[in-house]
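In what follows, a single structure is set out as structure tokens and then discussed.
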Amino acid sequence: MNRLTASIAASGFACFALLYTPQPVMPQIAAEFGLGPAAASLALSAATLALAVVVVPIAMLSERAGRRPVIVVSVLVAAVLGLVLPFAPNYEVFLLLRVLQGVAAAGVPAASMAYLADELDRNGLGAAMGAMIAGNSLGGMAGRLVAGMTSDWLGWRGSVLLAGVFGLVAALVVVFFLPKAQSRPKRAPSGMKAALKDPVLLSLYVVAVLLVGAFISFYNVAGFQLSGPAWLETLVFLFYGFGSTSAAFAGRLADRFGRGRVLLLCIGVLAAGALASLVWVPLGLAIVTAGFFASHTTASGWVGARAPEHARGHASGLYLAGFYVGSSVGGTSGSTAYEEWGWGGLVLVIIGWLSLAAMLVLNTSSAQKSSARVTRGSSGAIAVLPSRGRSGAPSTMPTETARVSAGTSTTIANGNGPPS
């Protein structure tokens with residue numbers, strides 16, 4: 001792992017450690033302010049919805065100001081707000097600070113995907129995305145563990161403060177180690193148009209909404225479903241370690257076998273985890289976590305590889321906007337379903353969302369194959385080139401042997417290979 005990839009992973013670690021800290025202490029927050037599960041989930045949804053609203057403008061800002069300055073300012077401001085958060089005198093002020101923290105944190109995901117796509121060879125992009133999302137996963141796990149494991153002794157305010165200190169230390173690591181960009185982002189006035197006109201990218205934005213909504217819904221209500229002291233219930237967040245492993249593994253699989261096939265497999269793992277939770281909730285959460293982070297790695301890598309070079313920032317921003325809309329709106333909707341129908345009702349809702357996501361991926365893969373134009377090179381080999389949604393397609397495509405040895409997922413030869 002090179003310095004850029006490691007630093008981007010560290011920035012995601014800091015951002016997600018701060019963003020999801022309140023999740024394991026939601027029952028305590030609800031008890032102090034007299035809230036139900038749906039209302040308490042706003043402690044998380046307020047930040048992620050704010051992030052979803054501003055992530056596209058900040059991604060566009062990173063095209064002009066540069067990726068690194070946006071990431072550095074983002075992690076520092078989010079960390080400072082994390083230190084102020086536990087001193088909120090009431091729930092309204094707490095939510096306002098969470099909104100501001102979500103806005104501040106938006107710079108990390110808004111610039112990170114495009115930063116990697118700008119600086120790295122496309123053949124290794126899947127593995128780099130896997131490392132980035134592994135950092136996100138570990139950060140989310142660490143923030144939750146710090147808050148949840150100490151809340152019985154420090155109260156939710158003390159535990160959130162401790163997590164804020166932890167986040168600040170991680171943010172300082174990013175400031176000192178994130179390297180400067182080797183190339184400036186390529187800007188073009190048609191970048192947003194290109195990111196919006198490709199049906200493959202549009203489908204992936206919606207898939208992000210559905211997948212993260214399913215995932216966050218489970219964790220939002222896990223504390224209400226499980227019984228025992230807060231520190232014991234918090235141990236379920238150790239499952240994020242599975243997410244880190246599966247993210248790195250899925251990135252390599254997608255580079256080799258194609259993102260469409262791997263994404264369908266990961267959605268299937270998510271669905272299997274949802275059903276397994278009906279038997280034993282911790283088992284289901286472990287499988288869901290592995291499936292979700294593998295899915296997110298595959299889908300985000302697909303966006304980075306699919307988007308034209310001048311539209312990478314815009315496409316990454318739109319994907320992440322969908323991601324955090326799913327986290328906020330989907331997470332709150334799932335909490336409401338749990339409040340109304342219990343855990344079994346939540347599982348049925350989640351299965352419905354995952355089924356829709358799988359259908360979108362299948363339709364996207366079919367449309368990509370049917371819209372390809374077939375050309376024949378001088379060697380006589382047939383090369384299938386996407387006719388829409390890409391810019392700057394090479395005039396000469398590699399042979400099937402070269403493609404496999406390079407580990408790329410471009411569709412070659414008979415048109416039946418996996419989509420990229």
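One is the number of the first residue; the rest follow in order along the sequence.
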Nearest 0.5 Å, what's the [atom1]-[atom2] distance between [X] and [Y]?
X: Glu339; Y: Thr332; atom1: CD; atom2: OG1; value: 11.0 Å
X: Ile287; Y: Ser277; atom1: CD1; atom2: OG; value: 9.0 Å
X: Leu211; Y: Leu204; atom1: CG; atom2: CG; value: 10.0 Å

Using distance alone, with no hydrogens and no angle criterion, decide if Tyr319 and His296 have a side-chain donor and acceptor under 3.5 Å apart. yes
Can you tell me if Tyr338 and Ser217 form a side-chain donor-acceptor pair at under 3.5 Å? no
Aromatic rings Phe292 and Phe323: how do their planes relate, parallel, tilted or perpendicular, breaks at 30° and 60°? tilted
List for me each residue that meets side-chain contact (heavy atoms from CB on, under 4.5 Å) alongside Arg157, sequence neighbours excluded, and say none if there are none. Glu32, Phe33, Pro86
Looking at every non-hydrogen atom in both residues, tell me the closest pair between Gly291 and Leu270 and how far apart they are. C-CG, 3.8 Å
Which atom pair, heavy atoms only, marks the closest approach of Gly273 to Val288? C-CG2, 3.5 Å
Partners of Phe166 by ring-ring contact (aromatic ring centres under 6.0 Å, His included), sequence neighbours excluded? Phe13
Not counting sequence neighbours, which residues clear ring-ring contact (aromatic ring centres under 6.0 Å, His included) with Phe218? List them please. Trp343
Can you check ring-ring contact (aromatic ring centres under 6.0 Å, His included) on Phe293 and Phe242, steps first, answer last? CA-CA 9 Å; Phe293 281 102; Phe242 295 125; over 10 Å; no
